[in-house]
Asks: 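Dumping the structure here so I can ask a few things about it.
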Amino acid sequence: MKSGSHTMLAEERQGEATLIAGSNPSGARKLYLESYGCQMNFSDSEIVASIMQKNGFQTTRNSEEADLILLNTCSIRDNAEQRVRNRLMQFNHQKKKNSDLMIGVLGCMAERLKAKLLDEEKLVDLVVGPDAYRELPSLVEEVTDGRKAVNVLLSREETYAEINPVRLDSNGVTAFISIMRGCDNMCSFCVVPFTRGRERSRDPESIVHEAKYLFQEGYREVTLLGQNVDSYRWNISKKGDILNEKKETVNFAQLLEKVALVHPDLRIRFSTSHPKDMTDEVLYTMAKYENICEYIHLPVQSGNTDVLKKMNRGYTREWYLNRIQAIRRIMPNAAVSTDIITGFCGETDEQHDETVSLMKEVEYEFAYMFKYSERPKTLAERKYEDDVPEEVKQKRLEEIIKIQTKSGLKRNKASIGKTFKVLVEGVSKRSDQKLFGRNSQNAVVVFDRGNIQPKTYVDVKVVDCTSATLHGEVVK
Ligand code: SAH
Ligand code: SF4
Ligand code: F3S
């Protein structure tokens, strides 16, 4: 998901199934865990690994030696689900050779399809929704005893706050911290409110504690995760005095500040901001602390106000552009990225042109772009017709990808000659003589290895670029 490409298709974004590493002391049962979808799902897999480890399962990278295969799945678009179905068929093939093998589906597809996955499709033994992971060990035991097991109960409280995630496939430098779960927004195209349930925030103390722990372990960057981080709200008096009239709360800006104060060498990123809720207070907090990265992912979805209204996004084109202006005013060097959907129900050529003109006006550093995919039960599915022909969706998608590639390149070229503080993440994929890291604006920067070690900060002057990557020379 943190690919350096400035344009990315739905297929590429959600297709990055990641294998999960681990050690295998003999005697332990082996868990093979594969994750799909958004960063929150990857973060959840780390909670699952932690819960399973405490119950005698060690993770393995090799599905062939697994006793238990879990797929943590995504339902955001139809093709994300198809990919998981294909994978399940492959694993069922493996099961023919090893009848003790257990196969389970976690995450959003589990929540959306529930027992259907067991009954109709007969592809799995175990179905567990995103709020039921604490029950996994006992559900696995049920399967071991020869029963099929399902738990897809959603919760209003579960945040897994005190579970210490096992950092999977980690570079030891950057880590995710979930700060909230669920979503109350009901954008008309979106399945997330159905698969993740009601929005709830996590105790800020446990978030700060996790950030401190990660810093002590050598991590130098954390990304705070939520579907709409701007509506983070923790009621301090929640667990204490119910008679306390003056309720003290922690909002997102205040949470950011608390995490920023953990250590000046710990970088903070976050995702996702919602244009209707993003406040100037958040922007001022970002500007105040050097270690809060100057990068905002602010999904626009469409540049046309009528389409936005049908999407139930809660803002207009003008409102969105006003938020962009606020970012530019308060943090002139900030980078902005976005998500865009082409071919939403009833979208006309003129409405699409407004998305194009908005992109040209904002000149995003980066964009994730998707063709609209109708999802069962959503408001759009019930109320509107998915009437933009596939070829038109595709054509519009290709058009906006072209525009994005251009503006990404233009933004990168503007960095040539500038010097950035870069957090070194590891060795470049292309050459072991080069290292890579990112600047505050989230651009990938590649430079000569020298004696530099990962987890350190270096000042790099940019000398060249592609549309995806900056190339630089270390100045300090
Ligand atoms: N909470 C985030 C988005 C999570 S989903 C937000 O509100 O911005 C990530 C992206 O997937 C969305 O921003 C949207 O662009 C895209 N998406 C969601 N549902 C979709 C659908 N039905 N078809 C195509 N793209 C979709
Ligand atoms: Fe989906 Fe909208 Fe919630 Fe994002 S804010 S997860 S798009 S409903
Ligand atoms: Fe997919 Fe669920 Fe995330 S639908 S995008 S894995 S919240």
Side-chain angles (χ1 to χ4, degrees), residues 1 8-18 34-45 71-81 83-84 105-113 129-131 154 176 178 180-199 225-232 270-278 296-302 307-308 310-315 320 337-345 347 355 367-381 384 386 388 390 393-394 396-397 400:
M1 249 164 293
M8 203 182 260
L9 299 177
E11 286 69 18
E12 289 168 338
R13 184 188 188 189
Q14 304 296 354
E16 291 173 87
T18 295
E34 212 171 84
S35 306
Y36 295 80
C38 63
Q39 293 170 333
M40 300 211 66
N41 238 21
F42 284 75
S43 169
D44 279 4
S45 288
L71 300 191
N72 194 0
T73 61
C74 174
S75 290
I76 200 84
R77 284 167 290 274
D78 186 56
N79 55 20
E81 291 199 352
R83 198 167 299 118
V84 169
V105 169
L106 314 178
C108 291
M109 254 177 104
E111 194 59 50
R112 195 179 84 69
L113 294 163
D131 286 345
L154 288 171
F176 296 133
S178 280
M180 55 208 293
R181 300 181 70 79
C183 183
D184 283 351
N185 276 321
M186 290 293 186
C187 300
S188 63
F189 52 79
C190 185
V191 78
V192 172
F194 303 92
T195 61
R196 293 272 164 172
R198 298 303 297 270
E199 181 186 285
L225 296 179
Q227 293 296 355
N228 175 2
V229 291
D230 299 295
S231 61
Y232 176 90
F270 55 87
S271 189
T272 302
S273 304
H274 198 302
K276 82 175 158 65
D277 298 320
M278 189 193 71
I296 297 197
H297 182 59
L298 196 66
V300 65
Q301 315 298 0
S302 165
V307 174
L308 288 169
K310 255 172 118 168
M311 288 178 162
N312 203 19
R313 286 290 288 179
Y315 54 86
Y320 184 89
S337 61
T338 201
D339 292 348
I340 298 176
I341 298 175
T342 63
F344 185 63
C345 311
E347 186 189 61
T355 299
Y368 297 100
M369 293 162 281
F370 313 100
K371 284 183 280 188
Y372 174 59
S373 163
E374 186 177 79
R375 309 310 292 130
K377 284 198 189 158
T378 55
L379 196 74
E381 189 246 2
Y384 308 121
D386 179 14
V388 176
E390 175 62 25
K393 286 181 184 171
Q394 181 65 30
R396 289 180 187 167
L397 180 66
I400 63 171

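Numbering of residues begins at 1 and proceeds along the displayed sequence. Just follow the structure's listing: the first ligand is 1, and inside any ligand the first atom is 1.
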Asks: N/O to N/O below 3.5 Å, does that happen between Arg375 and ligand 1?
Replies: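 Min N/O separation from ligand 1 is not below 3.5 Å for Arg375.
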Asks: May I ask you to list the atoms of ligand 2 that are less than 4.0 angstrom from any heavy atom of Met186?
Replies: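 Atoms satisfying the 4.0 Å criterion: 8 (S).
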Asks: Can we call the ring centroids of Tyr368 and His297 under 6.0 Å apart?
Replies: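 That pair passes the under 6.0 Å test.
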Asks: Does Arg313 approach ligand 2 within less than 4.0 angstrom via side chain, backbone, both or neither, non-hydrogen atoms only?
Replies: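 Answer for Arg313: side chain.
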Asks: Counting only heavy atoms, which portion of Pro193 has something under 4.0 Å from ligand 2: side chain, backbone, both, or neither?
Replies: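 For Pro193, only side-chain atoms sit under 4.0 Å from ligand 2.
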Asks: Could you identify the single nearest non-hydrogen protein atom to atom 5 (S) of ligand 2 and state the distance to 0.1 Å?
Replies: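 So the nearest neighbour among protein heavy atoms is Asn185 ND2, 3.4 Å.
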Asks: Provide, to 0.1 Å, the distance between atom 3 (Fe) of ligand 2 and the closest protein heavy atom, together with that atom's residue and name.
Replies: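 Protein heavy atom at minimum distance: Cys183 SG, 2.3 Å.
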Asks: Can you name the atoms of ligand 3, numbered from 1 with element, that are less than 4.0 Å from a heavy atom of Gln227?
Replies: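 The atoms of ligand 3 under 4.0 Å from a heavy atom of Gln227 are 7 (S).
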Asks: Which of the atoms of ligand 3 are close to Cys108, meaning less than 4.0 Å from one of its heavy atoms?
Replies: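 Near Cys108, meaning under 4.0 Å from one of its heavy atoms, ligand 3 has 2 (Fe), 4 (S), 6 (S), 7 (S).
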Asks: Please determine if Asp44 and Arg196 form a salt bridge, counting it only when a charged side-chain N lies under 4.0 Å from a carboxylate O.
Replies: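 Salt bridge: yes.
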Asks: If every non-hydrogen atom of Asn72 is compared with every non-hydrogen atom of Gly107, which pair is closest and at what distance?
Replies: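 Result for this residue pair: OD1-CA, 3.2 Å.
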Asks: Specify the protein heavy atom at minimum distance from atom 8 (S) of ligand 2: its residue, its atom name, and the distance to 0.1 Å.
Replies: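 Residue, atom and distance for the closest contact: Cys187 N, 3.4 Å.
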Asks: Pull out every atom of ligand 1 sitting under 4.0 Å from any heavy atom of Lys371, numbered as shown with elements.
Replies: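 This gives 23 (N), 24 (C) as the contact atoms.
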Asks: Can you pull out the closest protein heavy atom to atom 1 (Fe) of ligand 2? Residue, atom name and distance to 0.1 Å, please.
Replies: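 The answer is Cys190 SG, 2.3 Å.
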Asks: Under 4.0 Å from a heavy atom of Cys38: give me the atoms of ligand 3 that qualify, with their elements.
Replies: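 Those atoms are 3 (Fe), 5 (S), 6 (S), 7 (S).
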Asks: So, are Glu347 and Arg396 salt-bridged, with charged N and O less than 4.0 Å apart?
Replies: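 Arg396 and Glu347: salt-bridged.
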Asks: Applying a heavy-atom cut-off of 4.0 Å, say which part of Gln227 lies close to ligand 1: side chain, backbone, both or neither.
Replies: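 Gln227 to ligand 1: contacts from backbone and side chain alike.
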Asks: Considering both backbone and side-chain atoms of Thr272, is one of its nitrogen or oxygen atoms within less than 3.5 Å of a nitrogen or oxygen in ligand 1?
Replies: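 Thr272 vs ligand 1: no N/O contact under 3.5 Å.
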Asks: If we set the cut-off at 4.0 Å for heavy atoms, which region of Ile76 has an atom near ligand 1: side chain, backbone, both, or neither?
Replies: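 The answer is both, backbone and side chain.
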Asks: Pair Glu374, Arg77 - check salt bridge (Lys or Arg N to Asp or Glu O under 4.0 Å), show working.
Replies: CA-CA 7 Å; Glu374 186 177 79; Arg77 284 167 290 274; over 6 Å; no
Asks: Does an N or O from Asn228, backbone or side chain, lie closer than 3.5 Å to an N or O of ligand 1?
Replies: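 N/O-N/O distance below 3.5 Å does not exist for this pair.
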Asks: Of all the atoms in ligand 3, which lie at a distance below 4.0 Å from a heavy atom belonging to Cys74?
Replies: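 Within the 4.0 Å cut-off of Cys74, ligand 3 contributes 1 (Fe), 4 (S), 5 (S), 6 (S).
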Asks: If the threshold is 4.0 Å, N to carboxylate O, is there a salt bridge linking Lys393 and Asp386?
Replies: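 Yes, Lys393 and Asp386 are salt-bridged.
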Asks: I'd like to know: is atom 2 (Fe) of ligand 2 within the 2.8 Å range of an N/O/S atom from His274, strictly under that distance?
Replies: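 It does not: His274 brings no N, O or S atom closer than 2.8 Å to atom 2 (Fe) of ligand 2.
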Asks: Applying a heavy-atom cut-off of 4.0 Å, say which part of Phe189 lies close to ligand 1: side chain, backbone, both or neither.
Replies: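 Both backbone and side chain.
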Asks: Look only at interatomic distance and state if Gln301 has a nitrogen or oxygen under 3.5 Å from any nitrogen or oxygen of ligand 1.
Replies: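 Right, the criterion is met.
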Asks: Determine whether the side chain, the backbone, both or neither of Met40 has a heavy atom under 4.0 Å from any heavy atom of ligand 3.
Replies: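 The answer is neither; Met40 stays 4.0 Å or more away.
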Asks: Which one of Leu298, Val300, Ile296 satisfies the side chain to side chain contact (heavy atoms under 4.5 Å, CB included) criterion with Thr338?
Replies: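 When Leu298, Val300, Ile296 are each tested with Thr338, the side chain to side chain contact (heavy atoms under 4.5 Å, CB included) holds only for Val300.
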Asks: What part of Glu374 sits under 4.0 Å from ligand 1 if we count only heavy atoms: the side chain, the backbone, both or neither?
Replies: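 Looking at Glu374 and ligand 1, no heavy atom falls under 4.0 Å.
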Asks: Determine whether any heavy atom of Arg313 lies closer than 4.0 Å to an atom of ligand 1.
Replies: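 Per 4.0 Å heavy-atom rule, Arg313 contacts ligand 1.
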Asks: If we set the cut-off at 4.0 Å for heavy atoms, which region of Asn228 has an atom near ligand 2: side chain, backbone, both, or neither?
Replies: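 Near ligand 2, Asn228 shows nothing, with every heavy atom at 4.0 Å or more.
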Asks: In terms of relative ring orientation, are Phe344 and Tyr384 parallel, tilted or perpendicular, with 30° and 60° separating the classes?
Replies: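 The arrangement is perpendicular - the two ring planes meet at more than 60°.
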Asks: If the cut-off is 4.0 Å to any non-hydrogen atom of Asn41, which atoms of ligand 3 fall inside it?
Replies: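 Ligand 3 atoms under the 4.0 Å threshold to Asn41: 6 (S).
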Asks: For ligand 1, is there an N or O atom under 3.5 Å from any N or O atom of Tyr372?
Replies: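 No, since none of the N or O atoms of Tyr372 sits under 3.5 Å from an N or O of ligand 1.
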